[in-house]
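These notes are about the structure you will find just below.
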Amino acid sequence: MSGITIDHVRKEYDSDSGPIRAVDDVSLDVEDGEFLTIVGPSGSGKSTLLRMIAGLEDITKGEIRIGDTVVNNIAPQNRGVAMVFQNYALYPHMSVRQNMSYGLKLTTDLGSEEISRRVEDTAEMMGIGDLLDKKPNNLSGGQQQRVATGRAIVRQPKVFLFDEPLSNLDAKLRLHMRTELQRIQEELETTSVYVTHDQTEAMTMSDRIVILSDGTIQQVGTPAEVYAEPVNRFVADFIGSPSMNFFDVELAGEALHGEDFEYQIPSELAATVEANSVSDALVLGIRPEHISVESDGEDTITAELDVLEHEGSDNYLYLSKGNTEWTVRVDGNTRFEWGESVEFTLPSEHLHVFDAETGENLVVDEGMTAQTDESSVTV
Ligand code: ADP
Ligand code: MG
């Protein structure tokens, strides 16, 4: 097994209107045995980055190492990686057994008995032991997904690469396969890089998350870190569902002034914002679950309840005041009436203030920013 080092890697595609920079100066260390997820919107460069690790795309600039070996010029089949794609890419004319053994026959000198044993053990592990003689077309989406994963596992690679492998499954099965993949990865302890556009998937599956936008890394951290201490507005908006509330504000004295509200903040926080901002235009951010409807005499805001959504254990309140809208998550047992006035506070420990110009989070803990480790990550 081995880790992966991505060292100032760039990828440019040629196009009629000049080169497209799909991945721009990405540096990242994936630790040995780690489950790392790369998450970002469509077109952010996730697949390109993964395909460069796999050897399916040339690297325009920079270096990729698997273990101690520079792999830039090593053919895909000699890199010790196995990739699982969204569309499974199974051979339709081959049985499950043949699909799973094909790679081993091609790239190893294992005897047929050893290959059979490995295929059968892996099929057992993936819960597809009774499907070995079927053709892919006779399998459900979930079963095909298991075969594709099994085909990767059976090769005992140094690294697993997953490109949105669960996107074609229905919601319930996706949830199930998520835990299944985690279980298998924990059991095998194979270094894994998992690409998804789904932040929930990233948050629930990974040791660490890399958030990518426009080919550049925005932040690297554990799910808890990127959730609590997003370094910029992009990350704050992308991670968490429903997403963070954002309001255009300006700082006047020790109060944030929005279009329809004013809110007093602690002097320390005001000083930090003042010292770190480059422009007067700020954006206040707070997550729906952090707005407190148990007002206790502090500075409060009052808004009208437009919509109440029951989600079982939670209720979502959609409040408005003038042009300003607030999404608030409260406990499912809390009772509210449509149209009523709701008073709430914004606990200062959960406030994020972003510079409107740079998008940078002005109140993120210095320690957290350092977490993105300048030596290995380019932000
Ligand atoms: P993601 O997987 O995050 O959706 P991709 O890595 O597929 O993003 O694409 C990143 C960018 O590179 C996009 O702008 C996409 O249009 C462009 N791109 C990807 N593959 C090619 C290609 N073969 N030729 C030209 N442009 C490409
Ligand atoms: Mg992709």
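Atoms within each ligand, like the ligands themselves, are counted from 1 in listed order. Throughout, numbering of the chain's residues begins at 1 and tracks the sequence.
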Just to confirm my output: which protein heavy-atom neighbour is closest to atom 8 (O) of ligand 1, and how far is it? Gly45 N, 3.2 Å

Atom 19 (C) of ligand 1 - nearest protein heavy atom and its distance: Tyr13 CE1, 3.3 Å

Who gets closest to atom 7 (O) of ligand 1 by heavy atom: Ser42, Gly215, Ser47? Ser47

Numbered in order shown, the ligand 1 atoms found under 4.0 Å of a heavy atom of Ala22 are 10 (C), 11 (C), 12 (O)

May I ask you to say whether Arg117 pairs ionically with Glu114, meaning some side-chain N is under 4.0 Å from a carboxylate O? yes

Nearby protein N/O/S atoms (those under 2.8 Å) for the Mg ion (ligand 2), with water ignored: Ser47 OG

Please identify which of these residues, Glu309, Arg335, His310, meets the side-chain hydrogen bond (donor to acceptor under 3.5 Å, both in side chains) condition with Asn315. His310

For the residue pair Ser277 and Leu282, establish whether any side-chain heavy-atom pair is separated by less than 4.5 Å. yes

If only side-chain N and O atoms count, and only distance matters, is there a donor-acceptor pair under 3.5 Å linking Asn72 with Glu63? no

Minimum heavy-atom distance Val23-Gly45, with the two atoms named: CG2-O, 3.6 Å

Sub-4.0 Å heavy-atom contact, Ser44 with ligand 1: yes

Look at atom 5 (P) of ligand 1 and say which protein heavy atom is nearest, naming residue and atom and giving the distance to 0.1 Å. Thr48 OG1, 3.6 Å

I'd like to know if the side chain of Asn245 and the backbone of Thr327 have a donor-acceptor N/O pair within less than 3.5 Å. yes

Exactly one of Asp280, Val283, Asn361, Val278 should register a side chain to side chain contact (heavy atoms under 4.5 Å, CB included) with Asp355. Which one does? Val278

Protein heavy atom under 4.0 angstrom of atom 16 (O) of ligand 1, is there one? no

Is there a side-chain contact between Leu36 and Arg208 in this structure, where contact means two heavy atoms from C-beta onward sitting under 4.5 Å apart? yes

Could you tell me whether Ile20 and ligand 1 have an N or O pair separated by under 3.5 Å? no

For Pro41, take its heavy atoms, then give the atoms of ligand 1 lying under 4.0 Å from any of them. 3 (O)

Answer with yes or no whether Gly43 contacts ligand 1, where contact means a heavy atom under 4.0 Å from a ligand atom. yes

Look at the rings of His350 and His290 and say which category their plane angle falls in: under 30° parallel, 30 to 60° tilted, over 60° perpendicular. parallel

Test side chain to side chain contact (heavy atoms under 4.5 Å, CB included) applied to Ile184 and Thr190, Thr122, Ile153, the passing residue: Ile153

Starting from atom 3 (O) of ligand 1, what is the nearest protein heavy atom, named by residue and atom, and what distance separates them? Lys46 NZ, 2.8 Å

I'd like to check atom 10 (C) of ligand 1 in this structure: does the protein have a heavy atom lying under 4.0 Å from it? yes

Look at the side chain of Glu164 and the backbone N and O of Ser47, then say whether any donor-acceptor pair between them is shorter than 3.5 Å. no

I'd like to check whether Asp14 has a polar contact with ligand 1, where a contact means an N/O of the residue lying under 3.5 Å from an N/O of the ligand. no

With a cut-off of 6.0 Å (strictly less than), are more than 12 heavy atoms of other residues, nucleotides or ligands near OH of Tyr91? no

